[in-house]
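Following: one structure in structure tokens, then a few remarks.
Positions are given from 1, in the same order as the sequence printed here. Bear in mind the structure is a predicted one, so any value in this text is a computation, not a measurement.
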Amino acid sequence: MAMRRSQVIRYALEQYKSYRVPNVTQSLPSWYTKGTNGSLDSWSRCVHGSVALTQKKVGRVPLSSERFPQLKRGDFARVTDGDLQVFERLVPSRVLTEPGDIEGHNVDWSGTCRGAGQVLLRPKTTEEVSAILRYCNGRRLAAVPQGGNTGLVGGSVPVFDEVIISMSLMDKIISLDEISGVLVCQAGCVVDKINEALEPHGLMTPHILGAKGSCQIGGNISTNAGGLRMLRYGNLHGNVLGVEAVLANGDVLDCLSTLRKDNTGYDLKQLFIGSEGSLGIVTAASVLCPRIPGAISVALLGCDSFAQVLQTYDAAKKMLQEILSAVEFMDRASMEVVQENLQLTCPLGAHRYYLLVETSGSNAAHDEEKLNSLLGHVMEKGMVDDGTVATEPSKVQSLWALRENVAVALRADGCVYKYDVTVPMSRFYDLVAATRKRVGTDATRVVGYGHLGESDIHLNVTCPQHSEDVFDALEPWVYEWVAKCKGSVSAEHGMGILKRDYLYHSNTGPAVLLMKQLKGLMDPRGILNPYKIFPDLKDFIILIF
């Protein structure tokens, strides 16, 4: 039975929420609890560039300045009582200085990085952001912009005592053109709230993330967040039509175009997409929003060689074309971990690899027919050994749960070393196989899953607890392996502080030099989100004469 339109709308907006599983930590409130001594207890741990998550408490999250002793505080001013008085005039009653109010803003979502920021500012308008940065630049006070703080590489939290500028109160939807599908909103709008506003008009955001209940559109833009629909709708470089941003000196750059075509000079908005708040703070954006699909179907397919996986993906692109919306990959270890640790049920037998193929279109019968034709074709040709198609909401969600809960299930193993990289499609699974061989029996399991359609592989290695031997075997070897095959060390998460040392692994010297020159031109005093992206502190302040 095909989904009715009302069911599809609700499912399309809700399907990617994390499924609740008993006894498994899933959200920020569960990860952090107040310790008896007033410290912040954490359920996660980071070691160098990887994110290592664990189910066991490991005590207070170490300061990033202690975790990375090679980092030295820049030549920035320290906040004084006089500065606080000025801030109070700029954003009345929205200056937070109590440690209890700020602590959660000093620690990133994964609990891997902790800063020592002592001031949190909460502007409501672009003019207030402008006034704040103009003052900070004049005083040489470092500042870090913060959206929903759902990042995984420490990019949205201080390293030392930077002023935190929270965008959470800039949450107004400015306009919506139902015909063109162009939404204009402030940067602090939460993605889930945007979709709630779009739903009555039959529209949705072009990207859906697991953190959509907390992440903000400005933060998504600043990190070029991908999500599960990137295969269908592309990334934010293509869907963001314009931005409004405040530069380090307080100047407001109005590139808030709502036009899909505008070739008048340099496309300056692209500088702010994926630059992690290092070139300016995005305060508003115009986003092209697609229609909510009228029908959604999912197929789960089992393959016993990676060559079959690639052949099946190629067949899906050819046979499904305009209705293909996602192609997700899981290996056997991924399926086993959700079955063993979460007791989820897979309708297929055991296979080396699994593909989850989703279609979204306007005609349920047409889409289901095309998906069934694909299944028949790939099985007849020997590309797939087993498969099933789901169109009913509950069954569709059950299949998606297998893919979406891999990360949750892995935490039950203990410590998880997580890597999110992009490699050429032909090498997609080679990294997982090479890692499994490298760590041997020292690890509980080595798992590979991810977005096959974007060649984005999530490599995860688990142990009962942190192991120096396993970590030393993984880093920097993983990043060097990726670099040798011309991949990217950061597929979706950005560089932040955790991956800054590996920027050259995915960029040439001239490319990094140009990045530094842009940084120096747009932020000559280096106050915006310092210590991030670039490997060396000296790279943050570049004088251009």
Distance only, no hydrogens: is a donor on one side chain within 3.5 Å (strictly under) of an acceptor on the other, for [X] and [Y]?
X      : Y      : answer
Gln270 : His237 : yes
Ser168 : Gln216 : yes
Glu199 : His201 : no
Glu369 : Asn372 : no
Trp400 : Glu328 : no
His207 : Asn239 : no
Glu368 : Ser297 : no
Thr422 : Asp456 : no
Asn195 : Thr205 : yes
Tyr429 : Asp331 : yes
Ser325 : Arg229 : no

Charged N to carboxylate O below 4.0 Å: is that the case for [X] and [Y]?
X      : Y      : value
Glu340 : Arg445 : yes
Asp367 : Lys370 : no
Lys269 : Asp267 : yes

According to the interplanar angle, ranging from 0 to 90°, do the rings of [X] and [Y] count as parallel (below 30°), tilted (30 to 60°) or perpendicular (above 60°)?
X      : Y      : answer
His458 : His493 : parallel
His351 : Tyr354 : perpendicular
Phe428 : Phe306 : parallel

**Asked** Do Tyr449 and Val338 pass the side chain to side chain contact (heavy atoms under 4.5 Å, CB included) test, and can you show the C-alpha distance, the side-chain angles, and the key distance before you say yes or no?
**Response** CA-CA 12 Å; Tyr449 65 100; Val338 295; over 6 Å; no
**Request:** Report the residue from Asp386, Val309, Asp385 that forms a side-chain contact (heavy atoms from CB on, under 4.5 Å) with Asp304.
**Result:**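 Answer after filtering Asp386, Val309, Asp385: Asp385.
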**Message:** Run the side chain to side chain donor-acceptor pair (under 3.5 Å) test on Tyr313 and Gln308 for me, step by step, so that the C-alpha distance in whole Å, both residues' side-chain angles and the decisive distance to 0.1 Å come before the verdict.
**Reply:** CA-CA 8 Å; Tyr313 172 55; Gln308 291 178 337; over 6 Å; no
Shortest non-hydrogen separation from [X] to [Y] and the atoms involved:
X      : Y      : value
Ser455 : Pro424 : OG-C, 3.5 Å
Leu203 : Gly181 : CD1-CA, 4.1 Å
Leu183 : Cys289 : CB-SG, 3.9 Å
Asp108 : Val157 : N-CG1, 3.6 Å
Ser275 : Ile533 : O-CD1, 3.5 Å
Pro62  : Arg114 : O-CB, 3.6 Å

Side chain to side chain, [X] and [Y], heavy atoms closer than 4.5 Å:
X      : Y      : value
Glu276 : Ser222 : no
Val240 : Ser286 : no
Val489 : Tyr419 : no
Lys532 : Val159 : yes
Pro293 : Met204 : yes
Phe329 : Arg403 : no
Val432 : Arg436 : yes
Arg500 : Val153 : no

**Request:** Dump the intermediate steps for side chain to side chain contact (heavy atoms under 4.5 Å, CB included) on Val144 and Ser156, then the final yes or no.
**Result:** CA-CA 7 Å; Val144 54; Ser156 61; 5.6 Å; no
Nearest-0.5 Å distance, [atom1] of residue [X] to [atom2] of residue [Y]:
X      : Y      : atom1 : atom2 : answer
Lys395 : Thr388 : NZ    : OG1   : 7.5 Å
Met319 : Thr359 : CE    : OG1   : 12.5 Å
Ile457 : Asp420 : CD1   : CG    : 9.5 Å
Ile217 : Cys185 : CD1   : SG    : 6.0 Å
Cys463 : Gln465 : SG    : CD    : 8.0 Å
Glu336 : Cys346 : CD    : SG    : 11.0 Å

Taking the side chain from [X] and the backbone from [Y], do they hold a donor-acceptor pair closer than 3.5 Å?
X      : Y      : result
Asn507 : Leu503 : yes
Asn529 : Gly155 : yes
Asn341 : Ala409 : yes
Ser334 : Gly448 : yes
Gln321 : Lys318 : yes

**Steps toward side chain to side chain donor-acceptor pair (under 3.5 Å) verdict (Ser305, Arg352)** = CA-CA 7 Å; Ser305 75; Arg352 291 183 65 187; over 6 Å; no
**Request:** Show your reasoning for whether side chain to side chain contact (heavy atoms under 4.5 Å, CB included) applies to Thr312 and Cys303.
**Result:** CA-CA 9 Å; Thr312 302; Cys303 302; 4.0 Å; yes
**Request:** Report the C-alpha distance between Leu300 and Leu348 in whole Å, list the side-chain angles of each, state the deciding distance to 0.1 Å, and finish with yes or no for side chain to side chain contact (heavy atoms under 4.5 Å, CB included).
**Result:** CA-CA 8 Å; Leu300 182 66; Leu348 306 185; 3.8 Å; yes
**Distance flag, aromatic centroids of Tyr502 and Tyr479, threshold under 6.0 Å** =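 Judged by ring-centre distance (under 6.0 Å), Tyr479 and Tyr502 do meet the cut-off.
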**Message:** Run His105 and Gln146 through side chain to side chain donor-acceptor pair (under 3.5 Å) and show every step you take.
**Reply:** CA-CA 8 Å; His105 295 271; Gln146 187 174 98; 2.6 Å; yes
